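Okay, structure first, notes after.
All of these numbers come straight from a predicted model, not from anything done at the bench.
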2 protein chains.
Amino acid sequence: MAVTIKDVAKKAGVSPSTVSRVLSNHPRISAETSRRVREIMEELGYHPNIMAKSLVSRTTNSICIMLPKSAEELFSNFFFMELIRGIVTQANRQGFDVLLSSGANEKDEVEGVARLLNGHRVDGVILLYSRTDDPVVDFLYQNNHKFVLIGRSEQYADILSVDTDNVQASYDATKHLVSLGHQRIGFVSGPPDLVVSKDRLQGYLQALSDAGLESKPEWIVEGEFLQESGYRAISFFMNLPDRPTAVVLVDDVISFGVLRGLHELNYKIPDDLCLVSFNNIPLAEMSTPPLSSVDIGIYNMGYTASQMLIQAIQHKDNDKVSTARYVIPHRLVVRESSIFSVPKV
Amino acid sequence: MAVTIKDVAKKAGVSPSTVSRVLSNHPRISAETSRRVREIMEELGYHPNIMAKSLVSRTTNSICIMLPKSAEELFSNFFFMELIRGIVTQANRQGFDVLLSSGANEKDEVEGVARLLNGHRVDGVILLYSRTDDPVVDFLYQNNHKFVLIGRSEQYADILSVDTDNVQASYDATKHLVSLGHQRIGFVSGPPDLVVSKDRLQGYLQALSDAGLESKPEWIVEGEFLQESGYRAISFFMNLPDRPTAVVLVDDVISFGVLRGLHELNYKIPDDLCLVSFNNIPLAEMSTPPLSSVDIGIYNMGYTASQMLIQAIQHKDNDKVSTARYVIPHRLVVRESSIFSVPKV
DNA sequence: GTGAAAGCGCTAACAG
DNA sequence: CTGTTAGCGCTTTCAC
């Protein structure tokens, strides 16, 4: 049996409530008592029972990260790990614990989150993705739970979220290629049910249109956030009669697949095809050639999301939070994969 | 105020204990009562308060993953994400929640783990690394806590751990190069205070010695699990008078740095230098050229670790567990980075 | 400034 | 098979 507040109280010759007050730095407690109690706590190796505290205080000082249905299949692991690092770092700094949860399917996810939230196991949730029509978001929203979305919701305007301005980011990436003189620019997208895919596609189209450039349906390919997608997409592109001379890709990992595919087909980068992708993972700088990539500050997104959530939890004043969409700035990092001007085809 | 067991009891016309029994599938409860109570629970939207349950049952059904001091600086993110995926998947399957914790330094780590364990917030811990002389391990061991080490402890024999046979794995990788005819084989290691670095170095040396090959100190370089390490190491190697014709690297990510470095120096792989590394991350297959790599079953390691820990938690019979070091099998995946025979230098 | 008492929501003997 | 009772360890009025 572990040492409790009572044991400390007895040994210190005070009441349990006094010990409790020392623990929570109650203002009206004598310095002397406080000192002595702390001494005894140390001596006895006392550790407050977090569960008991939570039970009475109705707050858990922990948040939950909901991993997407199958993180492995959707994105590069790097993205999630960075996000998680940012979240955990900030949460721990604020004295919050972080729970990791995932579900085999959407129903599972809702149930898991419901169990945690309704069962008072966590105070809030961070969602690491944004799908269109997400039942988890519906649940959280309708039951008035505290949560933050990494990404953007298409249905609800008044929810906390932290996001990249993906339309603008994609616009910038495309514009960069346009400014180098490219006229035929392709686009490799991610799963169409993710908001990020749609937003980046939109930015790409907008940039082309603003530049007065043509956009052909066959220059746009949908895939997964996987190398294989890039690998496949590229053989398709390169066989087109009027093939693109440059391409925007929604994830660095896809670029790696493209790099591999082009190498096998004996094409040179950037001479035969220029590339710009997203996320700027560390490996982007180490590939051959180094990749131009839009850095979206992933760690920062996680850090900020955690901060927003904990703030919302602690200031329980407003039930329905005033809209707060926090946009993390992005920046295009230009490297060799795009620095040559238009290849002569 | 949320709906409690009492509300359900009242509405169902039974006592709270009966409701509790229904909840825990107590054998001696009439099917009819059980049905009615469940119905009411559904109707009222009842969710058991996990904290209250934990408080009385003295078990939390959750475990904690301790991230190394600074995951970002030590290993490829991929490694950790895979481990975590394995752990979370298995834990959730068993109805356990997973808490993520990290500390800014070793003292922080011990304190965090102590707070969680002594504070009865988690039932056990998984350590994602194994350093030599780790105070966290000391703490866990001496206080008789349930924990599993991913890796190997040099100090304690009787602790739960899941590991790769790194000596053998490294032996295999080196032998592969030997069998291709290489006589001068280099080694790029990780931080020397990690057990994995030492084990792999040992396997490498053993293989050389068994093959009657020379091993020179200048063919062995210590670094971090970072691309930069490879990048730096390689310029050193290539300038050696009697430079290695092949090299074993402790992590795929280091290989990427090497690839980049060699490319800039205008060397060709595998013609000028053969490479074998560890982890077999997805990108290994997509690099140019594809990397030969030892697959150590990272996800499997996480999954197994979680399984072992939960088992230890549930069968609390034995206080000091009988030694249980579980070794996950590895396999060398040969790709282009090593399939040519000895380059003529 | 400190103590006494009540109770957070649940489980687990002990009766019946 | 089910109800009664007594806490788990902590916080928090309300007194003094």
When the distance from [atom1] of [X] to [atom2] of [N] is rounded to whole Å, what number comes out?
X        : N      : atom1 : atom2 : answer
A/Asn25  : D/dT11 : CG    : C1'   : 15 Å
B/Met41  : C/dC10 : CE    : P     : 11 Å
A/His26  : C/dG3  : NE2   : P     : 13 Å
B/Lys10  : C/dC10 : NZ    : P     : 14 Å
B/Leu55  : D/dG9  : CG    : P     : 7 Å
B/His120 : D/dC10 : NE2   : P     : 9 Å
A/Arg58  : C/dC10 : CZ    : P     : 10 Å
B/Arg35  : D/dT2  : CZ    : C1'   : 17 Å

Selection from [options] that lies nearest to any side-chain heavy atom of [X]:
X       : options               : answer
B/Ile5  : D/dC10, D/dT2, C/dT11 : C/dT11
A/Ser17 : C/dA4, C/dC8, D/dC8   : C/dA4
B/Arg21 : C/dA13, C/dG9, D/dC10 : C/dA13
A/Ser15 : C/dC8, D/dT2, C/dG3   : C/dG3
B/Leu23 : C/dT11, D/dT12, C/dC8 : C/dT11
A/Val56 : D/dT2, C/dT11, D/dC10 : D/dC10

Task: More than 12 heavy atoms from other groups under 6.0 Å of OH on B/Tyr326 - done: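 No, because the 6.0 Å sphere around OH of B/Tyr326 holds 12 heavy atoms or fewer from other groups.
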Open item on the list: More than 12 heavy atoms of other residues, nucleotides or ligands under 6.0 Å from CD of A/Glu32: yes or no?
Closed with: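 Atom CD in A/Glu32 is crowded, with more than 12 foreign heavy atoms closer than 6.0 Å.
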TODO: Can you label the angle between the A/Phe139 ring and the A/His145 ring as parallel, tilted or perpendicular, going by 30° and 60°?
DONE: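 A/Phe139 vs A/His145 ring planes: tilted.
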Open item on the list: Here's a test of your reading of the structure: between B/His47 and B/Arg28, which maps to the more 5' nucleotide of DNA chain C?
Closed with: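 Result: B/His47.
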Examine [N]: is either OP1 or OP2 under 4.0 Å from a nitrogen or oxygen in the side chain of [X]? Give yes or no.
X       : N      : value
A/Thr18 : C/dT2  : no
A/Ser30 : C/dT2  : yes
B/Thr33 : D/dT2  : yes
A/Ser20 : D/dT11 : yes
B/Thr4  : C/dG9  : no

TODO: Mind checking A/Val14 for me? I need base, sugar-phosphate or nothing, with any heavy atom below 4.0 Å counting as a touch.
DONE: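 Sugar-phosphate, backbone atoms only, no base.
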- [ ] Scan B/Ile29 against the nucleic acid and name what it touches under 4.0 Å (heavy atoms): base, sugar-phosphate only, or nothing.
- [x]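 Sugar-phosphate, no base atom in range.
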Open item on the list: Between A/Arg35 and A/Glu39, does any NZ, NE, NH1 or NH2 come within less than 4.0 Å of an OD or OE carboxylate oxygen?
Closed with: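 Counted as a salt bridge, because a side-chain N and a carboxylate O are separated by less than 4.0 Å.
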Open item on the list: On a heavy-atom basis, which atom in B/Arg115 and which in A/His47 lie closest, and how many Å separate them?
Closed with: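 Smallest heavy-atom distance, with atoms named: CA-ND1, 4.1 Å.
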Open item on the list: To check you understand the geometry: which heavy-atom pair defines the closest contact between A/Gly297 and A/Ile328, and what is its length?
Closed with: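 That would be O-CG2, 4.1 Å.
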- [ ] For A/Ser24 and for B/Gly13, locate the closest nucleotide of DNA chain D by heavy-atom distance; then report the residue assigned to the nucleotide nearer the 5' terminus.
- [x]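 Looking at DNA chain D, the more 5' nearest nucleotide goes with B/Gly13.
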Open item on the list: By nearest heavy atom, map A/Lys6 and A/Val19 onto DNA chain D; which one lands nearer the 5' end?
Closed with: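 Nearer the 5' end of the strand: A/Lys6.
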